[in-house]
Amino acid sequence: MPPKVVCVVGPTACGKTKLGVEIAKRMNGEVVSTDSMQLYRGMVIGTAAPTAEEMEGVPHHMIGVADPAEQYSVARYVTEADACVQDILRRGKLPVLVGGTGLYLDALVRGNAFAPGGHDSAARAALQRRLDREGIEPLLEELRRVDPETAARLSPRDVKRILRALEVYHETGKTISQHNAATKEQPPRYDAVYIGLAFAHREDMKKLIDQRVDCMVEQGLPEEVGCLLASGLDRGATAWQAIGYKQFLAVADGHVSEAEAVEEVKLRSRQYAKRQLTWLRRNDSIHWIFWEKNRNFPEALQIATEILTAQGLF
RNA sequence: GCCUCUGUAGCUCAGUUGGUAGAGCAGUGGACUGAAAAUCCACGUGUCGUUGGUUCAAUUCCGACCGGAGGCA
């Protein structure tokens, strides 16, 4: 039986961070963040990364571990985060996985081995050049030939995935469908117990997201963006894709007003939360806790404890 | 007060030389295996401002009225 880990999941602004710390405190655990943006250094306010105070003395991992100029990836995340999980287990403590990036969490729990390649591979560079020169159609044509299954699955406009599929083929001689099928055969690396947090009504989630965005601006999101700019961070960096940072970069560049940026950040956060829910809904082993209007953490911790006890964790 | 423009989906607007209408955004659902806070897919019935008239038929033409914008006084 694989080692047990606790996962706290849910859309943005639903209280994962706080509940995660509470659970870790109660169960002799340490938190491993499963968030693709909190792992960049100096991006604290806009990613709602926990502060030292919010960590309440519980050790946290995978937060602020990468330079914003780096292009991170799931593959690298799994390697580094898994080392943290292993270390926590070795010390006899409970890993509590907390964060909003579904792909990262799933890959970590399943112990995904990713096919070679990546943004810095020669294959990717060559494909990118072909894309720039000839457009997507010849690439899609090639994919239809070597991996018809994937070609049929992807939209002709899903350039990212078409490139990746060809990249895997060029790098390994095997198709990405074969890689994915092989990954699915593998048993998961961890026995995950999922606690999901969500609002019962979407209007309540929207309200909280709006509040949180206003709060971020007050606490200095624009200044944080200013620091990233002052550090000379390239405008093409992955870190700028983070909601909040992208929009306040536009403010710094004089393209939009601060008020417009705030509205945009709220909107994008809402849409992001919706996508997170879509991702999570297909995981039917999540034990959901639904908030009514307000978030009641003592009660949630109580419910979570009962769930974890029933799973033999307490 | 007069003149001109304008009123169509939650929002911004297109359109119908008269046969009851469609884009973008928003919203909802979905996908996702080395960019994932990214990327991509699907879903469009609304008294066409109100009310009279002309017409086989009006959202479309004409009149009046009610909103909105601008101009002249």
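Lettering follows sequence order; numbering is per chain, from 1.
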Any donor-acceptor pair under 3.5 Å linking the side-chain atoms of [Y] with those of [X]?
| X | Y | result |
| --- | --- | --- |
| Asp82(A) | Tyr190(A) | yes |
| Asp234(A) | Trp240(A) | no |
| Thr150(A) | Arg161(A) | no |

Over all strands shown, is [X] touching base, sugar-phosphate only, or nothing at heavy-atom distances under 4.0 angstrom?
| X | value |
| --- | --- |
| Gly46(A) | base |
| Ser121(A) | nothing |
| Tyr77(A) | nothing |
| Asp106(A) | nothing |

More than 12 non-hydrogen atoms from neighbouring residues, nucleotides or ligands closer than 6.0 Å to [atom1] on [X], yes or no?
| X | atom1 | answer |
| --- | --- | --- |
| Phe248(A) | CZ | yes |
| Glu142(A) | CD | yes |
| Arg144(A) | CZ | yes |

Worksheet entry | Protein-to-nucleotide contact annotation, 5' to 3' order, nucleotides 23-30 of chain B [B base; S sugar-phosphate only; - none; under 4.0 Å, heavy atom] | ---SSBBB
Response to the item:
Dot-bracket for RNA chain B, 5' to 3', Watson-Crick and G-U pairs with both distances under 3.5 Å, [ ] for crossing pairs, | for partner on another strand, reads (((((((..((((.....[..)))).(((((.......))))).....(((((..]....)))))))))))).
Counting just side-chain N and O atoms, does [X] come under 4.0 Å of either OP1 or OP2 of [N]?
| X | N | result |
| --- | --- | --- |
| Arg164(A) | rG34(B) | yes |
| Tyr104(A) | rA36(B) | yes |
| Thr101(A) | rA37(B) | yes |
| Arg161(A) | rU33(B) | yes |

Fill in: Closest to side chain of Asp158(A), choosing from rA37(B), rG34(B), rC40(B)
rC40(B)
Discussion item. Measuring from the side chain of Asp120(A) (C-beta onward, heavy atoms only), which nucleotide among rG34(B), rA35(B), rC40(B) has the closest atom?
Written reply: rG34(B)
If I take atom [atom1] in residue [X] and atom [atom2] in nucleotide [N], what distance separates them, rounded to the nearest angstrom?
| X | N | atom1 | atom2 | result |
| --- | --- | --- | --- | --- |
| Asn180(A) | rC32(B) | CG | P | 10 Å |
| Arg282(A) | rU33(B) | CZ | P | 9 Å |
| Lys160(A) | rU33(B) | NZ | P | 11 Å |
| Glu149(A) | rU33(B) | CD | C1' | 13 Å |
| Tyr272(A) | rA36(B) | OH | P | 10 Å |
| Asn112(A) | rG34(B) | CG | C1' | 10 Å |
| Leu39(A) | rA37(B) | CG | P | 10 Å |
| Arg153(A) | rC41(B) | CZ | P | 14 Å |

Worksheet entry | Straight-line distance of Arg133(A) CZ to Gln128(A) CD, nearest 0.5 Å | 11.0 Å
Discussion item. Nearest 0.5 Å, please: how far is CD1 in Ile23(A) from CZ in Arg26(A)?
Written reply: 9.5 Å
Using the [atom1] atom in both, what is the distance from [N] to [M], to the nearest Å?
| N | M | atom1 | value |
| --- | --- | --- | --- |
| rA26(B) | rC11(B) | P | 15 Å |
| rU20(B) | rG63(B) | C1' | 22 Å |
| rU47(B) | rU60(B) | P | 16 Å |
| rA23(B) | rA9(B) | P | 15 Å |
| rG10(B) | rU55(B) | P | 35 Å |
| rC25(B) | rC62(B) | C1' | 36 Å |
| rG46(B) | rU54(B) | P | 31 Å |
| rC41(B) | rU59(B) | C1' | 34 Å |

Worksheet item: Could you go step by step and tell me if Tyr40(A) and Tyr245(A) meet the side-chain contact (heavy atoms from CB on, under 4.5 Å) rule?
Response: CA-CA 12 Å; Tyr40(A) 288 117; Tyr245(A) 296 86; over 6 Å; no
Worksheet item: Does Ile176(A) or Tyr245(A) map to a spot on RNA chain B nearer the 5' end, using the closest nucleotide for each?
Response: Ile176(A)
Worksheet item: Does the rA37(B) base have a donor-acceptor partner in the side chain of Lys246(A) within less than 3.5 Å?
Response: no
Worksheet, complete the sentence: Sorted by chain and residue number, the side-chain hydrogen bond (donor to acceptor under 3.5 Å, both in side chains) partners of Glu203(A) (sequence neighbours excluded) come out as none
Worksheet item: What pair of heavy atoms forms the shortest contact from Gly100(A) to Tyr272(A), and how long is it?
Response: O-OH, 3.5 Å
Discussion item. Salt bridge or not between Arg91(A) and Asp87(A)? Use side-chain N to carboxylate O under 4.0 Å.
Written reply: yes
